[in-house]
Amino acid sequence: MAFTQMTKEQYRSLDSDALELRRAEVIAAAENGEIETEELRSESALIKDEMERRRSIAQLRSAKAAEVAAGAGRIIEGAQGAQERSAIAEDDEPKNGVEYRRAFMDYVMRGVKSEKLAQYRENANTKTTDVGVVIPPMLVEKILEKAETYGMILPLVTKTNYPSGVEIPKGSMKPVATWVNEGATSDKQKFGLSDKVTFTHHKLRCEVSISMEVSTMALDVFEKKLVESVARAMVVAKENAIINGTGNGSPKGILTETPAEGQALKVASGKGLSYELLCDAEAAIPQAYETGAKWFMSKKTFMAFAAMTDTAGQPIARVNYGIGGSPERFLLGREVVLTGDYLPNFAKAPSEDTTFAFIFAPEDYVLNSIYDMGLSKRQDWDTEDIQTKAVTACDGKVIDVNSLVTLTVTKAAA
């Protein structure tokens with residue numbers, strides 16, 4: 001049976017069980033090759049948006065319940081009060097509640113496991129014995145939200161939540177349209193799906209230490225401190241893997257892929273950056289992949305390009321200042337994303353071949369999260385510090401390498 005796409009309104013009309021069933025149908029269609037890549041992206045985006053919408057509603061309900069529990073608001077009696085209390089009770093994420101979050105803090109800070117944690121642990125935890133308890137969903141979302149503000153690369157890639165081991169088919173052929181005479185026919189063409197992208201999972205762990213004195217802090221202060229400690233480490237590790245990951249024990253990075261023929265440009269040792277080099281890089285991008293492709297390089301490398309001018313004496317780089325006041329950088333009209341320490345600065349005579357910049361459409365990289373963050377703890381015997389370990393499982397791969405153009409400077413002669 002042919003795969004049928006759904007609209008945003010249709011997804012909103014589904015209940016929780018029907019939405020999960022639809023998600024499983026999309027995954028099955030992808031595995032069986034019944035859905036094209038663009039359809040898969042569209043359906044995945046709609047499902048993700050709907051799940052985020054429902055999660056936001058659940059958060060709002062939980063926040064309202066927490067406010068009432070803390071004594072805020074007015075007392076409502078009669079039918080209206082019963083209706084509002086019923087709406088709050090419908091929250092399908094009880095781990096967002098203030099009681100569970102306080103019990104979670106007690107576990108992290110003092111090692112106290114209450115009945116509130118045990119009530120949800122069996123269904124929420126994975127089989128991995130290294131994870132003691134699952135972080136409340138509200139706190140996980142705060143961590144991911146904070147990570148987005150730190151990262152320059154993580155917000156640009158495609159994020160999915162497929163189960164481990166799922167295979168996404170890749171079209172290996174593009175059909176060709178032919179002109180035919182009246183009453184004539186044309187050859188039937190098979191759409192090949194021989195190539196596949198398979199997502200496994202790799203464990204990412206971050207261990208932080210919090211002093212014993214933090215155990216006396218209020219819940220909000222504790223959550224803020226944990227967020228700030230974990231977020232930066234997690235986003236740095238993920239972004240570095242997106243660019244440089246080997247695929248062995250970590251996601252496979254963009255630069256681990258082999259560019260298409262003619263799209264791996266070399267700069268001879270001893271030569272500097274040039275306007276001609278930029279033109280060659282632009283010419284190497286297939287026209288079909290121009291939209292969405294961006295430059296990736298360090299700030300120092302970009303400033304070296306910014307100092308250059310074309311044959312008419314006009315600067316080839318441009319820096320604008322967006323609505324938020326942050327710089328927006330461009331080379332020959334193409335956006336530049338700064339990579340920090342993930343890429344080396346350009347050097348004329350490196351000791352080995354060094355890729356210092358590349359062009360790529362970031363939406364063609366998929367970062368797939370298999371398991372949300374779990375957490376375990378221990379106390380240091382000498383200092384009484386509370387050592388907290390956060391764990392997540394994810395994988396990442398390039399699903400279309402055709403937009404990749406690399407600039408590599410060759411090593412200096414011995």
Side-chain angles (χ1 to χ4, degrees), residues 66 70 95-151 154 201-246 248-251 340-342 369-395:
K95 296 187 294 298
N96 279 337
V98 67
E99 292 184 26
Y100 181 88
R101 290 159 60 208
R102 287 191 183 280
F104 169 74
M105 184 181 74
D106 288 339
Y107 169 74
V108 174
M109 293 284 84
R110 307 179 183 88
V112 178
K113 294 185 179 180
S114 70
E115 294 181 359
K116 180 63 68 173
L117 288 178
Q119 181 179 354
Y120 302 111
R121 181 179 174 184
E122 289 184 0
N123 291 331
N125 204 9
T126 65
K127 296 179 180 179
T128 305
T129 57
D130 186 52
V131 178
V133 65
V134 171
I135 296 179
M138 182 182 294
L139 187 54
V140 172
E141 287 160 10
K142 285 186 180 180
I143 291 175
L144 297 180
E145 181 181 359
K146 191 76 171 185
E148 293 279 328
T149 62
Y150 284 133
L154 193 59
H201 69 274
H202 306 288
K203 186 168 68 174
L204 177 63
R205 184 175 69 177
C206 175
E207 188 170 350
V208 296
S209 180
I210 302 175
S211 67
M212 183 182 66
E213 287 77 10
V214 177
S215 63
T216 63
M217 293 183 179
L219 176 66
D220 290 342
V221 178
F222 163 75
E223 290 185 355
K224 180 179 178 182
K225 189 169 184 68
L226 183 61
V227 167
E228 292 175 350
S229 299
V230 175
R232 186 178 294 272
M234 287 293 193
V235 72
V236 167
K238 287 184 177 181
E239 289 191 331
N240 188 50
I242 289 172
I243 293 180
N244 300 307
T246 63
N248 183 16
S250 69
D341 296 330
Y342 309 135
S369 296
I370 291 97
Y371 174 66
D372 287 334
M373 292 182 193
L375 189 141
S376 58
K377 64 160 283 288
R378 70 175 184 178
Q379 186 171 23
D380 187 279
W381 179 261
D382 296 323
T383 64
E384 291 83 38
D385 289 345
I386 307 299
Q387 296 175 344
T388 303
K389 180 176 64 176
V391 180
T392 186
C394 60
D395 193 12

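This chain uses plain numbering: 1 for the first residue, then up along the sequence.
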### Message
Quick check for you: to the nearest 0.5 Å, what is the distance between H202 atom NE2 and K238 atom NZ?
### Response
13.0 Å
### Message
With side chain to side chain contact (heavy atoms under 4.5 Å, CB included) as the criterion, how do L204 and V391 come out once you've worked through the C-alpha distance, each side chain's angles and the decisive distance to 0.1 Å?
### Response
CA-CA 6 Å; L204 177 63; V391 180; over 6 Å; no
### Summary
Heavy atoms of S250 and G245 approach each other most closely as OG-CA, 3.9 Å
### Query
For Y342, does its backbone N or O pair with a side-chain atom of N244 as donor and acceptor, under 3.5 Å?
yes
### Message
How long is the straight-line distance from OG1 of T392 back to CE of M234, given to the nearest 0.5 Å?
### Response
6.0 Å
